[in-house]
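All of these numbers come straight from a predicted model, not from anything done at the bench.
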Amino acid sequence: VAQPELAAFLRRLDAEFDPPLSTRTDIGDYATKMIAKATLAVARQGDQLVGVVAAYCNDTSSKIAYMTYLGVAPEARGGGLGGRLVAEMIRLATQQGMRSLDLQTDADREAASRKAAREAQQAYAGVMNGLAQISALDAAVDAGQNAVKGNQAGYKLGIKVNFDVLNAQQQLYTARR
């Protein structure tokens with residue numbers, strides 16, 4: 001995303017912050033900082049920017065990423081876009097070696113903060129579940145390969161019949177799918 005487009009998006013949602021973002025920082029400078037230092041995930045409808053999430057994934061000692069901005073345009077709300085953006089940020093932060101994603105918000109936005117935190121936890125759990133499934137499938141393929149090798153060796157020695165080898169190969173094929 002280019003700086004002018006991000007700055008325009010931030011200005012568009014400015015009044016929804018309490019107090020407005022523009023009363024705390026220069027929006028153009030903030031957009032420049034986000035692009036330079038944050039990991040961004042964006043959503044578009046056509047060519048229009050309708051969602052942005054930003055997190056700083058630079059705390060390599062604690063491996064904590066800090067999500068500092070989540071904004072969804074009014075016309076894109078109600079369909080779970082915010083949750084999908086948070087899930088994408090979790091994926092990006094995990095790719096960068098982060099183990100946790102902390103949400104930083106103003107105290108005045110407590111309800112939104114709780115909702116985003118819940119969605120972030122659910123998305124994180126989904127990512128971790130997916131990683132566990134990948135590990136389990138890798139282990140199944142390894143076990144299948146070992147079973148095929150063992151049955152082939154047993155067949156050569158006359159201990160196993162051809163059916164055992166074919167069965168092990170079928171199980172390996174199933175594990176690979």
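No more than 12 heavy atoms of other residues, nucleotides or ligands shown are found within 6.0 angstrom of CZ on Arg99.
Remark: Asp102 CG to Tyr56 OH distance equals 15.0 Å, nearest 0.5 Å. With rounding to the nearest 0.5 angstrom, the CZ atom of Arg91 is 13.5 Å from the CG atom of Leu101. Atom SG of Cys57 and atom NZ of Lys63 lie 11.5 Å apart (nearest 0.5 Å). Taken from OG1 in Thr94 to CE in Met89, the straight-line distance is 11.0 Å, to the nearest 0.5 Å.
The minimum heavy-atom distance linking Gly28 with Arg11 is given by the pair N-NH2, 3.8 Å. Heavy-atom minimum distance, Leu85 versus Val72: CD1-CG2, 4.2 Å. Considering every non-hydrogen atom in both Leu92 and Ala41, the closest pair reads CD1-CB, 4.2 Å. Contact between Ile27 and Ser22 at its shortest, heavy atoms only, is CD1-CB, 3.9 Å. A pairwise comparison of heavy atoms in Arg84 and Gly79 identifies NH1-O, 2.9 Å as the closest pair.
In this structure the side chain of Leu6 reaches within 4.5 angstrom of the side chain of Leu40, judged on heavy atoms. Taking the side chain as every heavy atom from C-beta outward, Leu10 and Met34 approach each other to under 4.5 Å.
In the hydrophobic cluster analysis, where Ile, Leu, Val, Met, Phe, Trp and Tyr join through side-chain heavy atoms closer than 4.5 angstrom, Leu137 is grouped apart from Met128. Residues Tyr66 and Met98 fall into different hydrophobic clusters, defined by Ile, Leu, Val, Met, Phe, Trp and Tyr side chains chained together at heavy-atom separations under 4.5 Å. With hydrophobic clusters built from ILVMFWY side chains whose heavy atoms lie under 4.5 angstrom apart, Leu13 shares a cluster with Leu21.
Judged by distance alone, with hydrogens and angles left aside, the side-chain atoms of Arg24 form a donor-acceptor pair with the main-chain N or O of Pro19 at under 3.5 Å.
For the residue pair Asp59 / Ser61, a side-chain donor-acceptor distance below 3.5 Å is found, with atom types taken as modelled.
Thr23 is linked by a side chain to side chain donor-acceptor pair (under 3.5 Å) to nothing, counting only residues two or more places apart in sequence or in another chain.
Among pairs with a residue in residues 25-39, those fulfilling side chain to side chain donor-acceptor pair (under 3.5 Å) read Gln3-Thr32, Thr39-Gln96, at least two apart in sequence or across chains.
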With side chain to side chain contact (heavy atoms under 4.5 Å, CB included) as the test, would you mind laying out the steps for Met67 and Val53 before giving the verdict?
-> CA-CA 7 Å; Met67 188 169 71; Val53 61; 3.2 Å; yes
